[in-house]
Each structure stands twice: as C-alpha cells, then as structure tokens.
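Computed from heavy atoms alone, side chains included, the values below leave out hydrogens, waters and symmetry copies. Chain identifiers are assigned alphabetically (A, B, ...) following the order of the sequence lines, protein sequences preceding nucleic acid strands; residue numbering begins at 1 within each chain.
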Amino acid sequence: MHNLKEIRKDYKTFNELIRKRSINIDLTNLQKLDEDNRGLIQKKESLENKKKEISKSKDESLFKRSKEISVELDKIVKDQKDIKLEIDNILANIPNLPHKDVPYGKDEKDNIEILNAGKIPIFDFKPKSHYELGENLKMLDFDLATKTTGSRFVFVKKELALLERALSNFMLDTHVNENEYQEISPPLMASESTMFGTGQLPKFENDQFEIKLEDSSDRKFLIPTAEVILTNIVKDKILDCKELPMRFVASTPCFRKEAGSYGKDTKGMIRQHQFYKVEMVSIVENQKCIDELERMTNCATKILDKLELPYRKVILCTGDMGFSAEKTYDIEVWLPSENKYREISSCSSCSTFQAQRMMTRYKDENKKTVFAGTLNGSGLAVGRTLIAILENNQNKDGTINVPKILRPYMNNLEVISAN
RNA sequence: GGAGAGAUGGCUGAGCGGUUGAAAGCACCGGUCUUGAAAACCGGCAAAGGGGCAACUCUUUCCUGGGUUCGAAUCCCAGUCUCUCCGCCA
C-alpha cells in the first residue's frame with residue numbers, strides 16, 4: 001500500500017509510474033478526496049480543541065456550548081470517516097510501483113532473458129510429457145483424483161511420492177544449511193487481515209479458497225503460497241535493525257482457485273488447485289531490497305544447478321509483475337515435451353509495499369521508525385520440479401533417472417521404473 | 001461442549017472518572033566515571049494524522065464498535081481475539 005503523503009507530493013509522476021503497469025487508475029478522484037479529507041480534519045481538530053479547553057476549564061457555564069460542539073462534531077466525524085474509507089479503498093487496490101531497473105512492457109512477451117544455464121537434453125526419441133510418463137509408471141493418477149475430489153488435483157504414488165518428499169527435504173536442507181534461512185512449519189490458513197497484508201485481499205479474493213471454521217468466526221483462507229503466512233510473521237511489529245535481515249523458509253501445500261485460467265494447462269500437474277512449494281521470505285532494511293533480491297534469486301537457481309536441470313532467468317517487465325512487486329525475476333525450467341521453458345520460481349522484492357499494509361517497521365541506525373522491505377521467492381515449486389525431473393531425466397523405456405543429489409534422500413535409488 | 005481470566009508504549013507491567021500520553025522495570029540512545037569495557041549514577045526515549053520552509057504546533061490513539069459524562073484507559077452495552085481449568089478428539 002502506498003503512502004498518500006508521498007503520492008500527494010507528486011501526483012503526476014506517481015500516475016506515470018502506475019500507468020507503466022498497464023493499469024488505469026483515475027487519480028483525480030483520489031486527489032479530490034484527499035483535499036476534502038484534510039479540510040474536514042482541520043475543522044474537526046479545531047472543534048475538538050475547543051471542547052478540550054472547556055472541559056479543562058471546568059467552567060459550568062460553558063458546558064452547554066460543549067454539548068453543541070459535540071453535535072456538530074458528530075456529522076463532521078462521520079463525513080470524514082466515510083471519505084477516509086473511500087480513500088483507503090482506492091489505495092488498497094493500487095499496485096506497487098515498478099523499480100527503475102524494471103523494463104517497460106505490456107505482457108510476458110516483453111520479459112527479458114538475462115541468464116541461461118544448464119544443458120538442454122537431446123533425445124534420440126520423442127520425449128514424453130510428464131503425465132504420460134507418470135501414468136505409464138502408474139505413479140501419477142489424475143482419474144482417481146477426479147473421482148475423489150475433482151479436476152486439477154492428482155494422486156502421486158510410490159517412488160514419485162517419495163521423490164516429491166525428497167525434493168522438499170533437499171530444498172529445505174539447502175536453504176537452511178547453506179543459505180541462512182530459518183525453517184518454519186506454519187499454519188496453512190490465514191486471517192483476512194493477514195491476506196490483506198501481503199496483497200491477496202481485497203483485489204484477488206476470487207483466487208482464494210475461503211474456509212469457515214464456525215459460522216460466527218472471522219473469515220479464514222487457505223494460503224495460496226507460504227509467502228502470505230511467512231511474511232506476516234512481522235505484521236504489526238516495530239523491529240530493531242539489528243534483528244534484520246530475517247529469513248524464513250517453509251515447504252507447504254498451496255491452494256489456488258485458478259479462476260482466471262479455465263482451459264489453460266488442463267492436462268497434467270502444471271496447474272493444480274493444490275501443490276507443494278518451498279517458499280523463501282526475507283525481511284530486510286528497506287534500502288537493501290534489491291541486493292537481497294539478487295541473493296534470493298541465487299538461492300533459487302542454486303537448487304536447479306544442483307538438480308542439473310536446464311533453466312533460464314527472466315526479468316519481468318512492468319506489465320507482467322504481480323500486484324505487490326517492485327521487481328521480479330522468474331526462473332523458468334526447460335520442459336522437453338513442450339519444447340519451452342516454464343516458470344518454476346518467481347522471486348520478488350516488494351519494497352515497503354507489503355510492510356505498509358502490515359504495519360511492519362523497524363528502528364534504523366538513527367532510531368527513526370521506518371517501514372521494512374519484504375521479499376519472497378519460490379525455492380522452488382516442488383510439483384513443477386517433479387515435472388521437470390520426469391521430463392528431462394526420462395529414458396526411452398519410460399524410466400526416470402534420479403538426480404544424484406537426491407539419491408541420499410531416496411534410499412539411494414538411481415532409476416525410477418514401473419513396479 | 002462447561003467454567004473462569006485477560007487485551008495498556010519496542011517488551012514486561014501499574015493505573016480503574018479530571019495536567020494520565022499514561023508509573024515502574026527491561027531494552028535502546030547520550031553523558032559522568034574508567035587505560036578500555038562492565039557496573040554505578042545523571043539525562044533522553046510511543047505511534048498515526050493535520051498545519052508550517054522551518055523551529056515548532058495541534059488532534060487522535062490504552063483490543064474493536066456503540067453508549068453515559070462538560071470530561072473515559074478508567075463506568076455501561078455489544079463484538080473480536082488470547083489465555084487457564086474440565087470434558088472430548090488428533
């Protein structure tokens with residue numbers, strides 16, 4: 001969320017930056033509301049001041065006047081509250097501004113590749129898709145999931161279930177032991193205010209699964225990513241700069257409605273309502289966001305290096321970034337069956353955007369209270385990593401070579417084959 | 001499901017109708033002392049918002065929302081959340 005005080009200084013520049021994100025927001029309305037709001041605040045405060053003085057004087061002859069002021073105040077306060085609400089509603093729906101490093105563009109076609117790593121495998125046969133391979137092995141069962149639950153779910157079985165578990169453990173171990181992240185096993189549900197804090201609400205309610213614990217209780221949501229719950233660890237906190245950076249990692253199921261993607265990736269487990277993801281979150285001093293983003297992205301690519309999977313790193317253009325991000329790198333893994341790269345991680349700096357929603361601040365070295373920077377990144381999406389291993393490590397007979405680094409996590413299994 | 005207790009500044013925790021924005025302690029910052037550090041002592045230290053170029057100043061805020069009152073952290077009502085005990089269950 002943006003600070004209206006900052007916007008007020010220069011509506012024009014703010015407007016131009018927002019426009020870069022291919023979003024149309026009319027700021028003239030905001031500007032007018034802001035002026036009205038401040039006018040009412042001034043009126044309100046002078047009346048309150050008068051009341052206060054009467055009360056202090058304890059002069060009974062003025063008590064009647066004080067009562068009259070109360071009546072006047074009632075209306076002003078109500079009007080002011082309404083306007084403030086309207087302002088907050090507008091602000092809550094404005095995305096973060098793009099960082100100056102971010103290339104201008106309309107959509108994913110304008111993203112720019114900045115790194116290409118690993119060897120794309122060459123097959124002397126036509127490589128199969130992950131779902132063909134998995135179904136032939138009888139270790140991915142989409143039909144069964146359709147029966148028990150519905151579309152966009154899957155049963156993962158036997159050695160592939162083990163592989164999925166091994167991937168989670170391997171990624172967590174790497175981030176904890178080599179990358180200084182603290183492991184967390186968090187709740188998989190989040191309150192409304194938590195979802196607001198990271199920017200999932202109010203604008204993207206349609207993508208979320210809502211849960212009712214009790215009829216009377218607050219709304220709760222299944223987390224669409226551990227980013228939500230890990231970032232909100234510091235909600236409503238004033239930290240000391242000595243506590244920063246804070247780095248958290250968790251492997252959790254993620255739940256998404258995928259409302260806007262009917263007909264997209266319907267085959268296989270690329271796009272599911274439920275999937276495992278290892279997520280990294282950093283809380284940093286706000287001027288260190290961009291450095292931390294590089295670090296975090298390297299933590300993610302390191303996993304792919306160790307798994308010996310071919311990938312590329314892409315910087316998202318202004319039009320393709322998520323709501324809360326100021327700068328995002330996507331990491332895309334090579335999928336032979338599709339003959340293209342697919343997203344396997346997304347690392348974003350959110351500058352102070354989420355911190356301002358969550359009220360996360362810290363005392364800097366001058367003891368000034370300032371908003372913190374937050375970052376999040378997948379390290380990596382476990383389901384899609386599983387897909388990438390199936391496809392890139394497949395043999396002609398449909399068996400799968402287990403990446404060397406994972407073998408200790410899988411009873412030293414070298415090849416996954418049927419039965 | 002039954003019975004209680006609570007929600008106050010970065011943290012712990014007093015206050016229970018009128019200089020209380022809020023005691024005290026911890027943490028933090030500055031100073032004295034010390035070769036240096038620690039200890040001790042002295043001083044400082046909330047946030048949000050409005051006005052002002054600024055020094056500064058005003059308003060709000062003791063869980064949230066109503067109410068009583070000239071005046072509420074303090075009294076009344078409603079709600080949310082947290083904790084403890086018993087029961088039940090993983």
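- Nucleotide B/C29 holds its C1' atom 11 Å from the CG atom of A/Asp240, rounded to whole Å.
- Pairing for B/A7 is with B/U80, a Watson-Crick or G-U wobble pair whose two hydrogen-bonding atom distances lie under 3.5 Å.
- Per the geometry, CD belonging to A/Glu192 stands 18 Å off P belonging to B/U64, to the nearest Å.
- Base pairing analysis places B/A22 opposite nothing; no Watson-Crick or G-U wobble pair with both distances below 3.5 Å involves it.
- The base-pairing partner of B/A14, taking Watson-Crick or G-U wobble contacts with both distances under 3.5 Å, does not exist among the strands shown.
- Using P as the reference atom, B/C16 and B/G43 are 27 Å apart when rounded to the nearest Å.
- Counting non-hydrogen atoms of neighbouring residues, nucleotides and ligands closer than 6.0 angstrom, the NZ atom of A/Lys84 reaches no more than 12 such neighbours.
- Under the Watson-Crick or G-U wobble criterion, with both distances below 3.5 Å, B/C85 is paired with B/G2.
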Provide a list of protein-nucleic acid N or O atom pairs under 3.5 angstrom, restricted to nucleotides 46-50 of chain B.
{"unit_1": "B/A47", "atom_1": "OP1", "unit_2": "A/Thr369", "atom_2": "OG1", "d": "3.0"}
{"unit_1": "B/A47", "atom_1": "O3'", "unit_2": "A/Arg361", "atom_2": "NH1", "d": "3.2"}
{"unit_1": "B/G49", "atom_1": "N2", "unit_2": "A/Glu45", "atom_2": "OE2", "d": "3.0"}
{"unit_1": "B/G50", "atom_1": "OP1", "unit_2": "A/Arg8", "atom_2": "NH1", "d": "3.3"}
{"unit_1": "B/G50", "atom_1": "OP1", "unit_2": "A/Arg8", "atom_2": "NH2", "d": "2.8"}

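- Nucleotides of RNA chain B nearest to A/Glu48 and A/Lys64 differ in position, and the one nearer the 5' end is that of A/Glu48.
- Base pairing analysis places B/U74 opposite nothing; no Watson-Crick or G-U wobble pair with both distances below 3.5 Å involves it.
- In this structure, B/A46 and B/U61 make a Watson-Crick or G-U wobble pair, each of the two defining distances being under 3.5 angstrom.
- Atom CG of A/Leu47 is separated from atom P of B/C58 by 17 Å (rounded to the nearest Å).
- Residue-level contact check: A/Lys44 touches neither bases nor backbone, having no heavy atom under 4.0 Å from any strand.
- Of the residues A/Arg152, A/Lys147, A/Met269, the one that meets the side-chain contact (heavy atoms from CB on, under 4.5 Å) test with A/Phe142 is A/Met269.
- When the side-chain nitrogen and oxygen atoms of A/Lys51 are compared with OP1 and OP2 of B/G71, one or more of them lie within a distance under 4.0 Å.
- Distance noted for atom C1' between B/A5 and B/C63: 16 Å (whole Å).
- Between the CD1 atom of A/Ile54 and the C1' atom of B/U59 there is a distance of 16 Å, given to the nearest Å.
- A salt bridge links A/Glu338 with A/Arg342: the distance from a Lys NZ or Arg NE/NH1/NH2 to an Asp or Glu carboxylate oxygen falls below 4.0 Å.
- Looking only at side-chain heavy atoms (C-beta outward), A/Phe196 and A/Arg357 come within less than 4.5 Å of each other.
- Between B/A39 and B/U59, the two C1' atoms lie 44 Å apart (nearest whole Å).
- Between B/A7 and B/C58, the two P atoms lie 31 Å apart (nearest whole Å).
- Between A/Asn49 and B/U59, a side-chain N or O to OP1/OP2 separation shorter than 4.0 Å is present.
- Checked against the 6.0 Å centroid criterion, the rings of A/His273 and A/Phe153 qualify as a close aromatic pair.
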Return the polar atom pairs (N/O with N/O) between nucleotides 15-19 of chain B and the protein under 3.5 Å, or none.
{"unit_1": "B/G18", "atom_1": "N2", "unit_2": "A/Ser55", "atom_2": "O", "d": "3.3"}

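- A/Ile69 has its CD1 atom 13 Å from the P atom of B/U59, to the nearest Å.
- More than 12 heavy atoms of other residues, nucleotides or ligands sit less than 6.0 Å from atom NZ of A/Lys203.
- Of the N and O atoms on the side chains of A/Asp330 and A/Ser345, not one donor lies less than 3.5 Å from an acceptor on the other residue.
- Contacts between residues 77-96 of chain A and RNA chain B, defined by a heavy-atom separation below 4.0 Å, involve A/Lys81, listed by number.
- No close placement of the A/Phe209 and A/Phe221 rings is indicated, their centers lying 6.0 Å or farther apart.
- A donor-acceptor pair is defined here as one N or O able to donate and one able to accept, closer than 3.5 Å; such a pair exists between the side chain of A/His99 and the backbone of A/Asp101.
- Rounded to the nearest 0.5 Å, atoms CG (A/Leu406) and CG (A/Leu162) are 9.5 Å apart.
- For the P atoms, the distance linking B/G15 with B/C75 amounts to 12 Å, nearest Å.
- Ring centroid separation for the pair A/Tyr362 and A/Phe371 does not come in under the 6.0 Å cut-off.
- Side-chain contact of A/Thr252 with A/Lys277: a donor-acceptor pair under 3.5 Å is absent, judged by distance alone.
- Comparing B/G65 with B/G9, their C1' atoms sit 23 Å apart, to the nearest whole Å.
- Within the shown strands, nothing qualifies as a pairing partner of B/A39 under the Watson-Crick or G-U definition with both distances less than 3.5 Å.
- Remark: P of B/A7 and CG of A/Asp236 are 18 Å apart, rounded to the nearest angstrom.
- Only the P atoms considered, B/G10 is 15 Å distant from B/G49, to the nearest whole Å.
- Taking atom P on both B/G44 and B/G25, the two are 13 Å apart, rounded to the nearest angstrom.
- A cation-pi geometry, defined here as NZ or CZ lying under 6.0 Å from the six-membered ring centre and within 45° of its normal, holds between A/Lys313 and A/Tyr329.
- With respect to the salt-bridge test (charged N to carboxylate O, under 4.0 angstrom), the residues A/Arg271 and A/Glu258 qualify.
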